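Worksheet: one structure, shown below.
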2 protein chains.
Amino acid sequence: MSVTIKDVAKRAGVSPSTVSRVLSNHPRISHATSEKVRAIMEDMGYHPNIMAKSLVSKTTQSLGVILPKPAEELFLNTFFMELIRGIVAQANRNGYDVVLSSGSSEQEEVDAVSRLVYGGRIDGAILLYSRKNDPVVDFLSRNQFPAVLVGRSEQHSNMITVDTDNIQAAADATRHLIQMGHRRIGFVSGPPELVVSLDRMEGFKRALQEAGLEYRKDWIVEGEFLQESGYRAMSFFMNLPERPTALVVVDDMVSFGILRGLHELGYRVPEDVAIVSFNNIALSELSTPPLTSIDIGIYHLGYTASQALIQAIQDKNKNGAAIHHQRHIVPHRLVLRESSMFSPSTPK
Amino acid sequence: MSVTIKDVAKRAGVSPSTVSRVLSNHPRISHATSEKVRAIMEDMGYHPNIMAKSLVSKTTQSLGVILPKPAEELFLNTFFMELIRGIVAQANRNGYDVVLSSGSSEQEEVDAVSRLVYGGRIDGAILLYSRKNDPVVDFLSRNQFPAVLVGRSEQHSNMITVDTDNIQAAADATRHLIQMGHRRIGFVSGPPELVVSLDRMEGFKRALQEAGLEYRKDWIVEGEFLQESGYRAMSFFMNLPERPTALVVVDDMVSFGILRGLHELGYRVPEDVAIVSFNNIALSELSTPPLTSIDIGIYHLGYTASQALIQAIQDKNKNGAAIHHQRHIVPHRLVLRESSMFSPSTPK
DNA sequence: CCTTTTTGTTAAAACGTTTGCACAAATCAT
DNA sequence: ATGATTTGTGCAAACGTTTTAACAAAAAGG
């Protein structure tokens, strides 16, 4: 029922092709007709039919975002939402729509993605997780389909990734504590199978060595990205004969667990133990005391992923160039709050 | 380059129409051809082109989800993510894709939506907010476009809405406290311009009256959905000559503020003040003490919205029926935790 | 002034489906 | 056996665009 390019053409007394060219700002259209046609389009309320356009142009102007399975963890939920917002904002700005997809099993996921890809519904895809050996990554890589992975992965050489420089970030966090005068610093890490845990640990180590401080393996504790892990790490450190005066903590949630534990035992933060952690979630400024944290710019991460994907799609369409590996780094920044605002008096 | 229905047809020695009918399980296709064609499709790796299909069938098998503007509040972020997950899960299960859209200004929002609607990219839309007098709602309603609003709205008569029964929920929360033996109960509300605040207050009032307890206006405090509001409400109540023994709190975040304040002043929860609140966010079970809270089933809310929209779309396609108002209620449930697990000793 | 180039427009094919209509073959009713 | 119905398949039009090739008119070049 809606008004088509032909209707406009008829009323303007020109051919459909002309109208189409007006739409795409073809250089060889006279200013006069262009004006006239535009006026009529406006008047008739013409809107191009995206499906028809896609059919012939073989491009859909939309990006697929593959959601990971339900995440129980609060942090992940806010993380993904922020990420998606960044992706959508940038996509829309470039005239792309975003199609969401998810599956409850791995097989379902692959099926859903292949339906989108082979069915020609999306021009590129963004993956929001980085399981090792992911079948969806395999699939996209095999098909030379433009795709961006948020996170780090060595799985395939032709993947575009967007990530935080976690080594740098951890080094920054650690240097801050050193600058505040701390000489005995512990590290609370995440699951050792995650690249992010390892990278942050590495950055911590480097900053220590760079400052000529000893890297003590017995002051490293591993755990999950959960409050309980923090609580446990806290007990561990507090029962040590010789204790660190400051901690670098792999995630804010974990820090909350530490804060709670220290408070229960009557220790003060930052006077007894100073804390710096990562991710700067919204809650970080509301805790007692507010947490010094590395903001990893989640929105920006999504934004960059979107940007990189669109670029890749356009490169492919233009040059037919194969996708080759790229790594985009999104800058982080240290947000100073009370939890690290204390210099231990003991010099040296 | 990819394999089309014609390729399959040729190789199977049948006409394209036959292949198409096999695909749609047309009743008048013989079992033999069906089998043969299916085998060939499998073998050749055929995937139907969604765009072509949409073009002729005038149905896109996708739903639009209109994101609200950036929400700074933590709760909203986790809320939306959970909601989206519910929407996507149910949509995918019914063979629908989900297209996300957002705009940074109101005008942009309307533009984006009208592009999706008029451009024939989506079959229906889900709105995730309920500002009063929303132009997007206006637009959709004017166009008789299938749409579902998550939340309550009296703006238009032909809207389908999905919501929690907040009056019931608040009554349930209040009854629980009464049952625990509380007779002096206060209420910490949200912004009075939000329907949700008013509804919860109404439910609170009803439960009191039903139990023959006095509804005291001076035991009602209004605020935001933020920790600080809770802190302020706490000071207010604690400075009263005659104090409630329990509080019904409009949101978990607000409760956290109250908990923090009470802890600072040395009061115990639930012994000195019992607390019940709403939304049951992931953090609620991690606070000290864990919060008794009304779980409003956010995932389920999204799931239901998706379901209702798909139903509306199909009804419209079949009967050409106009959209008429519906209100779907998603059940809530009271999750009991420590913050309300105490019966005041004073009988009567 | 005639040839060449540029400018503005159009007709028609193509994109990959679905579907109404037609029609032959097979099945059924009598 | 004959006509009526059912079953299985194919033809061709349609969906709303884009785009190639063609061409007339206008402008430029000599």
Side-chain angles (χ1 to χ4, degrees), chain A residues 1-38 40-41 44-62 95 115-121 123 317, chain B residues 1-38 40-41 44-62 95 115-123 317-318:
Chain A
M1 293 305 103
S2 65
V3 30
T4 80
I5 223 173
K6 287 187 192 172
D7 302 328
V8 176
K10 196 167 298 172
R11 177 121 156 245
V14 298
S15 77
S17 358
T18 301
V19 177
S20 171
R21 287 193 235 270
V22 168
L23 232 46
S24 54
N25 290 312
H26 192 284
R28 289 228 205 133
I29 238 61
S30 77
H31 192 63
T33 21
S34 173
E35 288 294 276
K36 184 173 61 183
V37 170
R38 269 180 219 286
I40 293 185
M41 290 194 312
M44 300 181 74
Y46 169 77
H47 287 256
N49 181 305
I50 307 185
M51 296 304 163
K53 183 171 179 166
S54 296
L55 180 57
V56 41
S57 69
K58 290 191 165 303
T59 161
T60 65
Q61 296 291 100
S62 50
R115 204 171 49 78
L116 290 180
V117 171
Y118 287 138
R121 182 179 275 269
D123 295 342
N317 288 351
Chain B
M1 293 302 106
S2 66
V3 29
T4 79
I5 223 173
K6 287 186 191 173
D7 302 328
V8 176
K10 197 168 296 173
R11 178 122 155 245
V14 297
S15 77
S17 0
T18 301
V19 177
S20 170
R21 288 193 242 264
V22 167
L23 233 45
S24 55
N25 292 312
H26 192 284
R28 290 228 204 134
I29 237 62
S30 78
H31 192 63
T33 18
S34 173
E35 289 293 278
K36 185 174 60 183
V37 170
R38 270 180 219 285
I40 294 185
M41 289 194 312
M44 300 180 76
Y46 169 77
H47 286 256
N49 181 305
I50 307 184
M51 296 305 163
K53 183 170 178 165
S54 295
L55 181 56
V56 40
S57 68
K58 290 189 164 304
T59 160
T60 65
Q61 295 294 100
S62 51
R115 206 173 46 79
L116 291 179
V117 171
Y118 286 137
R121 180 174 279 256
I122 57 177
D123 295 343
N317 288 351
K318 203 169 291 177

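Side chains are part of it too, since the values below use all heavy atoms of this structure and drop only hydrogens, waters and symmetry mates. Remember, predicted model here, so these are calculated numbers, not experimental data. Naming: A, B, ... by sequence-line order, numbering from 1 per chain.
Protein atom CG of A/Asp7 is 13 Å distant from nucleotide atom C1' of D/dT17, rounded to whole Å. In this entry the distance linking CG of B/Asn49 with P of D/dC15 reads 18 Å, nearest Å. Here C/dT6 presents its P atom at 18 Å from CD1 of A/Ile29, a figure rounded to the nearest Å. Note: NZ (B/Lys53) to P (C/dG16) measures 16 Å, nearest angstrom. Atom P of nucleotide D/dT9 and atom CZ of B/Arg28 are separated by 11 Å, given to the nearest angstrom. For A/Ile5 and D/dT18, the CD1 to C1' distance is 8 Å, given to the nearest whole Å. A/His31 places its NE2 atom 12 Å from the P atom of C/dG8, with the value rounded to the nearest Å. Spacing between atom CD of A/Gln61 and atom P of D/dG16 amounts to 20 Å, rounded to whole angstrom units.
Looking at B/Val117 and A/His47, their side chains never come closer than 4.5 Å, going by heavy atoms from C-beta outward. Residues B/Asp7 and B/Arg11 have side chains not in contact (no heavy-atom distance under 4.5 Å, counting atoms from C-beta outward). The shortest distance between side-chain heavy atoms of B/Asn317 and B/Lys58 does not fall below 4.5 Å. Between A/Val8 and A/Met44 there is a side-chain heavy-atom pair separated by less than 4.5 Å.
Among the atoms of the strands shown, none is found under 4.0 Å from any heavy atom of B/Ser54.
Taking every heavy atom of residues 17-27 of chain A and every atom of DNA chain C, pairs under 4.0 Å involve A/Ser17, A/Thr18, A/Arg21, by number.
Between B/Lys58 and D/dG16 there is a side-chain polar atom (N or O) within less than 4.0 angstrom of OP1 or OP2. Between B/Tyr118 and the phosphate of D/dG16, there is no side-chain N or O to OP1/OP2 separation shorter than 4.0 Å. Checking the phosphate oxygens (OP1, OP2) of D/dG10, a side-chain nitrogen or oxygen of B/Ser15 falls inside 4.0 Å.
A/Tyr46 is linked by a ring pair (Phe, Tyr, Trp, His ring centres under 6.0 Å) to nothing, counting only residues two or more places apart in sequence or in another chain. Legend: residues meeting side chain to side chain donor-acceptor pair (under 3.5 Å) with A/Ser62, ordered by chain and number and at least two apart, are A/Thr60, B/Arg121.
Ranking C/dT10, D/dG8, D/dT18 by closeness to the A/Val56 side chain, first place goes to D/dT18. Candidate nucleotides C/dC15, D/dA14, C/dT10 were compared by shortest atom distance to the side chain of A/Leu55, and C/dC15 ranks first. Comparing D/dT17, C/dG8, C/dT10 by their nearest atom to the side chain of A/Ser30 picks out C/dG8.
Applying side-chain contact (heavy atoms from CB on, under 4.5 Å) to A/Met41 and the options A/Val3, A/Leu23, A/Ile5 leaves one that passes, A/Leu23.
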